[in-house]
Amino acid sequence: MKAVVAVLALLVGWAGSGMAQTPAPAPGKPVKVLKVAFRSAETSFDPSQISDLYSRTITPHIFEGLYKYDHLARPAKIRPLIAAAMPEVSADFKTWTIRTRPGIYFADDPAFKGQRREVVAQDFVYAIQRTVDPLQRSELWTWIETFGIVGLADYRRSLIAQKAPFDYDRAIPGLRAIDRYTLRIELEKTSPRFLSNLATSDLLGGVAREVVEFYGDKIGAHPVGTGPYRLKSWRRSSEIVLVRNPGYRDEFYDAAPAPDDAEGQAILARMKGRRIPMIDEVRVSIIPEDQPRWLSFLNGQLDMIAGTYGPVPESFITSAMPNGKLAPNLARKGVQSQREVNSDVAFTYFNMEDPVVGGNSPDKVALRRAIGLAMDVPREITTILRGQAIPAQSNIMPHETGYDPAFKSEAGDYDPVRARALLDVYGYVDRDGDGFRELPDGQPLVIEKATLSQQIYRQRDELLRKNLEAVGLRVVFKVGEFAEMLKLARAGKLQVWSLALSAASPDGQGNLYPMHGPQAGAQNLARFKLPAFDALFDRLEVMPDGPERDALFLEAKKIGVAYLPYKPTAHRISSDLWYPWVVGYRRPLFWQEWWHLVDIDVDKLPARSSR
């Protein structure tokens, strides 16, 4: 969803003006520190300029949206956060009126010149405006555009045509703060599930305009929100430290797990009524390699190896949970565990604008399908992922509408015989006898696959090389870092790349954005464009949940399999581990914010702890 942005004037170990200091604890009260690790680096903390999971895990602990997901509710349930109540919605689901709670303030910052700054409805208008401003080049815009907010896209097009600056004081018909505490959003089309867009604190939390103007192009290093934490320090791609926001309002733990949800009820019984945040400081280490991250947990340098951003590495799962059960050495330490199928999908995408693998002509479709059939996903799951995944049949993820565990497609097949047959039929043959096929016109055929430098990617690349060579295809690898590759992917400069997406809401339509034509260059990394699919996407958006909508999901999945701009490979199984002093952890389904909802039991900390 986001572009990679360069943060200026950020030096290793630097803490700039406005960075928070750790609040002094009450006399005799220990500072509670939660130590976790990301497996990839962050990019920026400006919500309008991010899409990566790691940055999006930091921002919702600093910024707050109008709504949030109930942390314990399964299935997911949305509740007010900054909003005073659930929205008032017109019968046609086109007009949404939201009232904000008075008396909620941004964290203190030099941008406010010593004054307390209350969050108001206009701050949520401004958060959306920043993604619309052409000068911001926010790749969130293609997502915001799908909202269909009245007048928004027209205004943006006029700015581009006139090369004019965005007027943040101009009234947009469908996006208005009608008074200090009331926001009204008017949509061009029926949108029954629009509420989930307002529950994204990481991307659409309230933003103070004066903070953005104060820090200018350094805003990515100076996030200021109303949330439970502030940024204390940031060593780029190395360590991020958040500290309790001392001015955070009185908020107390509450949730609504289902009556028959024993785990959720137990957590609620223990945590209900506690003031949040309970943790004073969160230290995030960036540890890309599996072994150092795993050893850091074993040595007690990390409290958890858990969460979407960094569960137990697949390469160490047999040590951590042999046969799906917690290892005895960890059990003796009181380590807790959780294992579940994620609401995510790993996939390989093909650049549909690339002259080798792109296009919708029969020969290009055949090449992509042959590559997909040649990929030995079952072996990858067994040997590289250590059984920590299930094969994916489409881009739709578990736990979402549109997902059907009984759905079976060619996308889930490993069939090198059929792959070779497809290549033969469409003219991809070895003309010079070197063991590798050429293009139908006789030109060399080379698949260029982007990849990362970590060991697990090297293992995957070696398996892919063997798979493709087995059907006569030559592959070369282009190695880089994640942020660099993401930038190239957005620009359409990669031919093939493998990565993964995690769900952001309970609705499976979000996982169809990668095939939605208007999202090309943003969420649609493949740049796939098919009018029939876009029309189907539009119908899905306005239709209420039910059998008719389920039928459209099925049709969308079939189109994805037929054209294969994406080869879905797996839905990962995550195993989370945490030490007994971490209290109240439960892996979220679709949201990233939860550090403020766990506690540290200082009585269980090892004596050598320096906290």
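Scope of the values below: all heavy atoms of this structure, side chains included, with no hydrogens, waters or symmetry mates.
Evaluation of the side-chain hydrogen bond (donor to acceptor under 3.5 Å, both in side chains) rule for K325 yields no partner, not counting sequence neighbours. Evaluation of the ring-ring contact (aromatic ring centres under 6.0 Å, His included) rule for H61 yields W595, H596 as partners, not counting sequence neighbours. By the side-chain hydrogen bond (donor to acceptor under 3.5 Å, both in side chains) test, R116 is found to be paired with no residue, residues two or more places apart in sequence or in another chain being considered. Among residues two or more places apart in sequence or in another chain, the side-chain hydrogen bond (donor to acceptor under 3.5 Å, both in side chains) test is passed with E42 by W234. Legend: residues meeting side-chain hydrogen bond (donor to acceptor under 3.5 Å, both in side chains) with N329, ordered by chain and number and at least two apart, are absent. When the ring-ring contact (aromatic ring centres under 6.0 Å, His included) test is applied to F194, the partners found at least two apart in sequence or on another chain are W96, F147.
Of the candidates V207, T59, I62, P223 forms a side-chain contact (heavy atoms from CB on, under 4.5 Å) with just one, namely I62. For the side-chain contact (heavy atoms from CB on, under 4.5 Å) criterion with E462, the lone passing option out of K466, R460, R458 is K466. Tested against Y67 for a side-chain contact (heavy atoms from CB on, under 4.5 Å), the candidates I82, L198, T200 yield a single pass: L198.
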Practice task
Take L499 and Y349 through the side chain to side chain contact (heavy atoms under 4.5 Å, CB included) test and state the conclusion after the steps.
Solution key: CA-CA 8 Å; L499 61 166; Y349 85 83; 4.0 Å; yes

Exercise for the section: Determine, stepwise, if the pair D599 / R270 fulfils salt bridge (Lys or Arg N to Asp or Glu O under 4.0 Å). Expected result: CA-CA 11 Å; D599 201 358; R270 185 166 186 178; over 6 Å; no

Exercise for the section: Take Y215 and D46, measure what side chain to side chain contact (heavy atoms under 4.5 Å, CB included) needs, and give me the verdict at the end. Expected result: CA-CA 11 Å; Y215 288 109; D46 176 357; over 6 Å; no

Problem - Test log, rule side-chain hydrogen bond (donor to acceptor under 3.5 Å, both in side chains), inputs E400 and S343 - result: CA-CA 8 Å; E400 292 189 311; S343 191; 4.5 Å; no

Exercise for the section: Go through V211 and H222 one step at a time and tell me if the side chain to side chain contact (heavy atoms under 4.5 Å, CB included) criterion holds. Expected result: CA-CA 8 Å; V211 172; H222 293 275; 5.6 Å; no

Exercise for the section: Could you give me the CA-CA distance, side-chain angles and deciding distance for D545 and R193, then say whether salt bridge (Lys or Arg N to Asp or Glu O under 4.0 Å) is met? Expected result: CA-CA 9 Å; D545 291 331; R193 289 160 294 276; 3.2 Å; yes

Handout entry: Pair L597-I276, side chain to side chain contact (heavy atoms under 4.5 Å, CB included): steps then yes or no
Key = CA-CA 7 Å; L597 300 174; I276 58 176; 4.0 Å; yes

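No side-chain donor-acceptor contact under 3.5 Å links S233 and E239. Under 3.5 Å, the side chains of S498 and K449 contain a donor-acceptor pair of N or O atoms.
Atom CD of Q336 is surrounded by more than 12 heavy atoms from other residues, nucleotides or ligands within 6.0 Å. Open room surrounds CZ on R379; 12 or fewer heavy atoms of other groups in view lie less than 6.0 Å from it.
Using a 4.5 Å heavy-atom cutoff, the side chains of N342 and S502 are not in contact. The closest side-chain heavy-atom distance from D254 to K272 is below 4.5 Å. L501 places none of its side-chain heavy atoms less than 4.5 Å from the side chain of Y566.
R101 and E251 are joined by a salt bridge, as a carboxylate oxygen and a charged side-chain nitrogen come within less than 4.0 angstrom of each other. The pair R249-E64 counts as a salt bridge, with a side-chain nitrogen and a carboxylate oxygen less than 4.0 angstrom apart. A salt bridge does not link R74 with D261: every distance from a Lys NZ or Arg NE/NH1/NH2 to an Asp or Glu carboxylate oxygen is 4.0 Å or more. Ion pair D123/R117 flagged as a salt bridge, since at least one NZ, NE, NH1 or NH2 atom sits closer than 4.0 Å to an Asp/Glu carboxylate oxygen. Ion pairing of D404 with K557 is absent here, as no side-chain N (NZ or NE/NH1/NH2) approaches a carboxylate O to less than 4.0 Å. With respect to the salt-bridge test (charged N to carboxylate O, under 4.0 angstrom), the residues R56 and D202 qualify. Using a 4.0 Å cut-off between charged nitrogen and carboxylate oxygen, R39 and D290 do not count as a salt-bridge pair. Between K487 and E484, none of the side-chain N atoms (NZ, or NE/NH1/NH2) sits under 4.0 Å from a carboxylate O, so this pair counts as no salt bridge. A salt bridge links R490 to E139: one of the charged nitrogens lies within less than 4.0 Å of a carboxylate oxygen.
Distance alone, capped at 3.5 Å, places no donor-acceptor pair between the D70 side chain and the K77 backbone. The main-chain N or O of T43 is found under 3.5 Å from a side-chain atom of S55 such that the two form a donor-acceptor pair. Looking only at distances, a side-chain donor or acceptor of D344 sits under 3.5 Å from a matching main-chain atom of R572. Although no hydrogens or angles enter the test, the distance criterion places a donor-acceptor pair under 3.5 Å between the side chain of R293 and the main chain of I287. With R586 contributing its side chain and L72 its backbone, the two residues share a donor-acceptor pair below 3.5 Å. Judged by distance alone, the side chain of Y403 and the main-chain N or O of N395 form no donor-acceptor pair under 3.5 Å. With hydrogens and angles disregarded, no donor-acceptor distance shorter than 3.5 Å links the side chain of Y457 to the backbone of V479. T57 places no side-chain N or O within donor-acceptor distance of the main-chain N or O of Q592, the cut-off being under 3.5 Å. Checking side-chain atoms of R230 against main-chain N and O of D108 turns up a donor-acceptor pair under 3.5 Å. Checked by atom type and distance alone, the side chain of E118 pairs as donor or acceptor with a backbone atom of G103 at under 3.5 Å.
Taking the six-membered ring for Trp, Y309 and F38 have ring centres closer than 6.0 Å.
Here CH2 of W578 is found 6.5 Å from OG of S337. Values are rounded to the nearest 0.5 Å. Here NZ of K68 is found 11.0 Å from CH2 of W591. Values are rounded to the nearest 0.5 Å. Once rounded to the nearest 0.5 Å, the distance linking CG of D576 with CE of M321 reads 9.5 Å. Distance check: F590 CZ to H399 NE2 gives 7.0 Å after rounding to the nearest 0.5 Å. How far CD of E593 is from OH of Y229: 12.5 Å, rounded to the nearest 0.5 Å.
A pairwise comparison of heavy atoms in S201 and P60 identifies CB-CB, 4.0 Å as the closest pair.
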